[in-house]
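By convention in this document, chain letters (A, B, ...) are assigned in the order of the sequence lines, proteins followed by strands, and residues within each chain are numbered from 1.
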2 protein chains.
Amino acid sequence: MAAKKKTWFAILGLLSWKPLSGYDIKKLVEIGLSHFWSESYGQLYPTLDQLVAEGLARKKPAQSGKRKRFIFTITAKGRREFQNWLSQPTEPPQLRSEFQLKFFLSSRRPLAECLRLLQEYREQQQELYELYTTSDAILSQALDEDTLPEEMRGVLDDGSREQVLIFLLTLRHGVRSCEARLAWCDEAAQMLQDEVRRRASVA
Amino acid sequence: MAAKKKTWFAILGLLSWKPLSGYDIKKLVEIGLSHFWSESYGQLYPTLDQLVAEGLARKKPAQSGKRKRFIFTITAKGRREFQNWLSQPTEPPQLRSEFQLKFFLSSRRPLAECLRLLQEYREQQQELYELYTTSDAILSQALDEDTLPEEMRGVLDDGSREQVLIFLLTLRHGVRSCEARLAWCDEAAQMLQDEVRRRASVA
DNA sequence: TCAGACATGTAAGTCGTTACATGATTCA
DNA sequence: TGAATCATGTAACGACTTACATGTCTGA
């Protein structure tokens, strides 16, 4: 139980909300956590069995519906493990950014190359930003009106305001980060172009 | 040559600056790329041999110094591969943030728990921010005065302004991101506390 | 002399994705 | 009837870290 196993806790956390199948969990992650988390089936199903083996969850076939389907329920032990993980210090995200790597390594290439990289990055971020702000608007409105947006039924149940609020806040983390990156792109492009001009004037 | 192998290109990129040993590369990554990249020896040395096997680099024992030491030099083919990688579309960083995972999953826990997570995160970011701004100041000054800061001799050679500029800009990406995250923490804490108050007033 | 930096490497294990394999059910 | 979705799983691979193993050289 020592190491990382973040997948374990991602799953336990979702199970702490309500019993779910592997498939449910996959969907939930895609809808709710997609901008900062992902899980593949290849990871999910084996991990679920491990959780059961460790006594952190229970597996039982679903009686409703005719499909082969297994519902996982968190155990008291699982809940304790999850809460313990929550209270444990969080390791800061160590991102590996291919863009930044390229940008840094391009410092001996023509400045046009750096600028092209910058522009490509900016376009990606802009697209992301629009995605985020759309969802942000929907969630903000929902919070205002104290309702649940349709897209979220099944993901967030009952009229829990906190859930909507936290959802909105995690999203807004993405929004703010995106904004910062966009601003940085403009600042960086500006400085690179200033440098081009400076070089021209010195020569 | 199809897939990811970003380590390959990180190394090739550094070798495109000048011939280096595995140890040199490790140091260079730690000093120059540490806030968005890392390489471990377990990755580095085998990859260097792979590069040689693919004809992208050449390995030769160093004649200077008495220590066992191998210098790697990029080949023309290696250079082509590197430049090709640079021009290839960059995949957007998919971060997996343990903090965001915790924060999201804590939405059914007492609000105090969410606030604690937030505060811990803020402290981490604050620390990072101070680290970044210190380096930023040094690099900004160096750029102003057209000199190389001592810490960078060996990392960046000759008086290449572009190198210092790009170095500063990659760093500033971190600075801007940090600022955004700090601002987000404050915004989020504010909104959570408003919610606590709102709940009190409704009850 | 001995700590700390220099220097290279391997083995084992963790973490995660992709692609594949299989099959039921629903609905247009 | 056939495409989409529901649903579970495995095998193979790739990326990366950690810990270990080994030894040299420099300078206080």
What's the closest nucleotide to the side chain of [X] if the choices are [options]?
X        : options                  : result
Lys68(B) : dT10(C), dT8(C), dA7(D)  : dT8(C)
Arg96(B) : dT8(C), dC15(C), dT10(C) : dC15(C)
Lys59(B) : dC6(C), dG16(C), dG9(C)  : dG9(C)
Lys27(A) : dC6(D), dT8(D), dA15(D)  : dC6(D)
Ser40(B) : dA7(C), dC16(D), dT17(D) : dT17(D)
Ser21(A) : dT8(D), dC6(C), dG9(C)   : dT8(D)
Gln43(B) : dC16(D), dT8(D), dC6(C)  : dC16(D)

Can you measure [X] atom [atom1] to [N] atom [atom2] for me and round it to whole angstrom units?
X        : N       : atom1 : atom2 : answer
Phe9(B)  : dG14(D) : CZ    : P     : 15 Å
Tyr23(A) : dT5(D)  : OH    : C1'   : 5 Å
Leu44(B) : dT18(D) : CG    : C1'   : 15 Å
Asp24(A) : dG9(D)  : CG    : P     : 13 Å
Tyr45(A) : dA21(C) : OH    : P     : 18 Å
Arg67(A) : dT8(D)  : CZ    : P     : 10 Å
Lys26(A) : dG9(D)  : NZ    : P     : 15 Å
Glu39(B) : dT8(C)  : CD    : P     : 15 Å

Report task. Identify whether any heavy atom of Gly22(B) sits under 4.0 Å from a base atom; if not, whether one sits that close to sugar-phosphate; answer base, sugar-phosphate or nothing. Result -> sugar-phosphate
Report task. Report which part of the nucleic acid Tyr41(B) touches: base, sugar-phosphate, or nothing (heavy-atom distance under 4.0 Å, all strands). Result -> base
Query raised in the report: Are Phe103(B) and Trp37(A) an aromatic pair by the rule of ring centers under 6.0 Å?
Result: no
**Report entry** Aromatic centroids of Phe104(A) and Phe167(B) separated by under 6.0 Å
**Finding:** yes
Requested in this report: Answer yes or no: does a side-chain N or O of Ser38(B) lie under 4.0 Å from OP1 or OP2 of dT17(D)?
Outcome: yes
Query raised in the report: Is any side-chain heavy atom of Arg172(A) less than 4.5 Å from a side-chain heavy atom of Glu187(B)?
Result: yes
Query raised in the report: Is there a donor-acceptor pair under 3.5 Å between the side chain of Lys102(A) and the backbone N or O of Gln88(B)?
Result: yes
Requested in this report: Give a yes or no answer on whether the side chain of Ser97(B) reaches the backbone of Gln100(B) with a donor-acceptor pair at less than 3.5 Å.
Outcome: yes
